[in-house]
K.L.:
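This structure is in structure tokens; I'll ask about it shortly.
All values derive from a computational prediction rather than experimental measurement.
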Amino acid sequence: MTDQDKKPEPWEETFKEDQPDQYSRTEHRRKSQRVNWTIGVLVVIVVVLSFVPIYEYLQTLNKPTNAEQTWSSASTSKTKVTDNAKSESLAKKRSSESRAKSESSVKAAEASSKAAVAQSKAAESSSKAAQAQAEKAASEKAAREKTAAAQSSKKPDDGNKQYATVAAGQGAYRVATNAGISQAKLQELNPGVNLANVSAGQQLRVK
């Protein structure tokens with residue numbers, strides 16, 4: 001075995017020199033990326049700064065138009081406000097007129113209703129008065145007929161019966177006393193006569 005074929009032992013090997021080269025390449029790549037990012041950011045900043053004066057210039061050009069639009073909108077709003085005020089006043093006027101008409105019609109209806117009620121009451125009172133007069137006349141007529149029937153049923157030619165004429169101011173009790181009989185006997189002799197309501201000139205049987 002020669003010296004060339006003899007493998008070196010692990011502790012006899014030395015570190016290779018290519019490892020520092022690999023580390024330097026990676027660091028170089030990172031530095032390049034940082035530079036590129038920095039340049040990009042600077043370019044963006046420059047573009048933005050250059051756009052600001054252009055935007056301000058455009059704003060200055062648009063200011064007169066905005067002023068005209070503002071004036072136009074203000075005039076339009078004033079016109080709308082005026083029209084709204086006119087329409088509101090007209091609506092209020094119409095509402096007040098309609099309210100007045102409705103109130104007058106309601107008052108007229110109430111007055112006519114009151115007049116109708118008064119007429120109805122007057123007619124009812126007159127009807128009641130007429131009915132009362134008719135009832136009174138009917139009762140008087142019935143009383144007269146009853147008295148006439150009682151007098152016609154009497155037999156003056158019968159010698160066994162005696163009659164007494166009621167004087168003014170006398171009642172059934174006085175007639176019975178004068179005849180010498182009781183009031184119950186007088187009622188028995190005159191069954192169809194109301195002794196509580198006798199009148200002057202009326203004849204009552206006493207025997």
Side-chain angles (χ1 to χ4, degrees), residues 68-207:
E68 292 176 358
Q69 290 178 355
T70 303
W71 179 82
S72 177
S73 63
S75 62
T76 304
S77 63
K78 288 181 181 179
T79 306
K80 288 182 179 179
V81 169
T82 306
D83 294 338
N84 291 333
K86 289 181 180 179
S87 62
E88 287 179 358
S89 62
L90 183 60
K92 288 181 180 179
K93 185 177 180 181
R94 290 179 179 176
S95 177
S96 61
E97 290 177 355
S98 63
R99 192 182 298 109
K101 289 181 181 179
S102 63
E103 288 178 356
S104 62
S105 62
V106 168
K107 288 181 180 179
E110 289 179 354
S112 62
S113 177
K114 288 181 180 179
V117 170
Q119 291 178 357
S120 176
K121 288 183 178 179
E124 186 178 357
S125 61
S126 63
S127 176
K128 287 182 178 180
Q131 185 177 0
Q133 291 178 357
E135 290 177 355
K136 185 178 180 181
S139 63
E140 290 177 355
K141 183 179 179 181
R144 286 195 300 268
E145 290 178 353
K146 189 175 182 180
T147 304
Q151 290 177 358
S152 64
S153 65
K154 293 175 183 178
K155 295 180 180 180
D157 54 345
D158 192 355
N160 295 326
K161 295 181 180 180
Q162 292 182 5
Y163 292 88
T165 303
V166 179
Q170 285 186 347
Y173 177 76
R174 178 60 58 185
V175 173
T177 303
N178 292 338
I181 60 175
S182 65
Q183 191 172 354
K185 183 65 176 178
L186 183 64
Q187 182 66 57
E188 183 181 352
L189 293 172
N190 299 276
V193 179
N194 185 9
L195 297 180
N197 190 16
V198 295
S199 59
Q202 185 176 355
Q203 290 185 354
L204 298 175
R205 182 182 174 183
V206 293
K207 186 181 284 188

K.L.:
Please set out all donor-acceptor pairs under 3.5 angstrom arising from side-chain atoms of residues 172-180, sequence neighbours excluded.
P.N.:
from, atom 1, to, atom 2, distance (Å)
T177, OG1, Y173, O, 2.8
N178, ND2, R174, O, 3.3

K.L.:
Apply side-chain hydrogen bond (donor to acceptor under 3.5 Å, both in side chains) to S98 and R94, showing your working.
P.N.:
CA-CA 6 Å; S98 63; R94 290 179 179 176; over 6 Å; no

K.L.:
With rounding to the nearest 0.5 angstrom, report the CZ to CD distance, R205 to Q162.
P.N.:
10.0 Å

K.L.:
State which residue, out of L195, L189, T165, fulfils the side-chain contact (heavy atoms from CB on, under 4.5 Å) condition with L204.
P.N.:
L195

K.L.:
Examine distances only and state if a side-chain atom of E188 and a backbone atom of P191 form a donor-acceptor pair shorter than 3.5 Å.
P.N.:
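Not confirmed, E188 side chain does not pair with P191 backbone.
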
K.L.:
As an exercise, state the distance from NZ of K128 to NZ of K121, rounded to the nearest 0.5 Å.
P.N.:
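Spacing of NZ (K128) from NZ (K121) equals 11.0 Å.
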
K.L.:
I'd like to know if the side chain of Q187 and the backbone of S182 have a donor-acceptor N/O pair within less than 3.5 Å.
P.N.:
no

K.L.:
Below 4.5 Å, heavy atoms only, C-beta onward: do S96 and R99 meet side chain to side chain?
P.N.:
yes

K.L.:
Using atom types as modelled and distance alone, determine if a side-chain donor or acceptor of S126 lies under 3.5 Å from a backbone N or O of A122.
P.N.:
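Answer holds: yes.
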
K.L.:
Checking K107 now: which residues fulfil salt bridge (Lys or Arg N to Asp or Glu O under 4.0 Å) with it, not counting sequence neighbours?
P.N.:
none

K.L.:
Between S112 (side chain only) and A108 (backbone N and O only), is there a donor and an acceptor less than 3.5 Å apart?
P.N.:
yes

